[in-house]
Amino acid sequence: MRLKDRVALVTGMAMGIGEATAELFAAEGAAIVGLDINEKQGAEIQKRIRAQGGQCLFQVTDVGSEEAVKKAVRAGLDEFGRFDILVNVVGIASEGAVHEMETAEWERILRVNLTSMFLTSKYVLPGMLTQGRGSIVHITSVQGLMGFAGYPHYAASKGGIISLTRQMAREYAAKGVRVNCIAPGTVETPLNLQVLARSPDPEKLRTAWLKMHPIGRIGKPIDIAYGALYLASDESSWVTGHCLVIDGGLSASGPI
Ligand SMILES: NC(=O)c1ccc[n+]([C@@H]2O[C@H](COP(=O)([O-])OP(=O)(O)OC[C@H]3O[C@@H](n4cnc5c(N)ncnc54)[C@H](O)[C@@H]3O)[C@@H](O)[C@H]2O)c1
């Protein structure tokens, strides 16, 4: 078991990449503190992990709220005593262009996608620094590395996560805490099913996604969870400040 006796806080654990990460980490021996706003689905994942012999505490938490994050971290510490791993998965998206976007929508995406990662880090780091050990993994996106039309707020939040990762890595490297991020390409999750549902031509969009990824398929949540497992485990003990791209070759390609 690669995470035996570790305690991991995973945000967005009710669906998609967060769900796959929580389940994989639990199977690898970690106790999970899972945060999500989806009460029903989060409770379901908690039940499933416990039924498989794992440890899991699900907390209904809006990660954009400082008070809620503080409370959830406290509950996790009360239950398991410490955190060794933090995986910040939550991210939301909507479509738009800068000249048409409501400022409130810009701020909503920045808050949930970027500020949330600052907040969870803020409350988990003191314990990690005291114990002199920790691994933090932020989920960004290839949209933080490359330009795609239609998502300026999302892309800005994802670029911010990459900068935050590097900055935190430098800040905490000598104190035993590593900080890395993962930039996925298109992954088959509820988030993307919603993007498809909002599209005027879902089939055309799906075909475009397939074409964008030279490996010939879009990603599965477990493709990303395996990367998070490597970065969370001691196997990556000399890796910090890195952005691990997991994208089926998307960012290695030129124009299609
Ligand atoms: N799916 C993709 O193609 C893709 C590609 C690149 C990056 N990403 C990133 O991966 C991460 C996960 O994406 P996904 O596709 O699994 O998303 P998803 O929509 O399938 O799951 C996101 C989870 O976050 C939860 N959530 C949303 N807002 C929340 C909030 N305020 N507080 C707490 N929980 C909240 C949702 O309830 C859900 O369980 C995101 O950061 C996303 O930007 C996804």
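Every number for a ligand or one of its atoms is a count from 1 in the order of the listing.
Take E171 and apply the side-chain hydrogen bond (donor to acceptor under 3.5 Å, both in side chains) test, not counting sequence neighbours, and it matches Q167.
Ion pair R48/E19 flagged as a salt bridge, since at least one NZ, NE, NH1 or NH2 atom sits closer than 4.0 Å to an Asp/Glu carboxylate oxygen. At a threshold of 4.0 Å, the pair D234-R133 does not count as salt-bridged, since none of the basic side-chain nitrogens sits closer than that to a carboxylate oxygen. Taking the charged nitrogens against the carboxylate oxygens, K71 and E66 have no contact shorter than 4.0 Å, which rules out a salt bridge.
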Pairwise, report which nitrogen or oxygen atoms of ligand 1 are under 3.5 angstrom from protein nitrogen or oxygen atoms, and how far apart they are.
from, atom 1, to, atom 2, distance (Å)
ligand 1, 1 (N), V187, O, 3.2
ligand 1, 1 (N), T189, OG1, 3.1
ligand 1, 1 (N), N192, ND2, 3.3
ligand 1, 3 (O), V187, N, 2.6
ligand 1, 3 (O), V187, O, 3.3
ligand 1, 3 (O), N192, ND2, 2.5
ligand 1, 15 (O), T189, OG1, 2.4
ligand 1, 16 (O), I17, N, 2.8
ligand 1, 19 (O), L191, N, 3.4
ligand 1, 20 (O), L191, N, 3.3
ligand 1, 31 (N), D62, OD1, 3.0
ligand 1, 32 (N), T61, O, 3.4
ligand 1, 32 (N), V63, N, 3.0
ligand 1, 34 (N), I37, N, 3.4
ligand 1, 37 (O), D36, OD1, 2.6
ligand 1, 39 (O), M15, N, 3.3
ligand 1, 39 (O), D36, OD1, 3.3
ligand 1, 39 (O), D36, OD2, 2.7
ligand 1, 41 (O), V89, O, 2.7
ligand 1, 41 (O), G91, N, 3.3
ligand 1, 41 (O), K158, NZ, 2.8
ligand 1, 43 (O), Y154, OH, 2.5
ligand 1, 43 (O), K158, NZ, 2.9

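Neither side chain, H242 nor T165, offers a donor N or O lying under 3.5 Å from an acceptor on the other.
We find the CZ-SG distance between R166 and C181 to be 7.5 Å, quoted to the nearest 0.5 Å.
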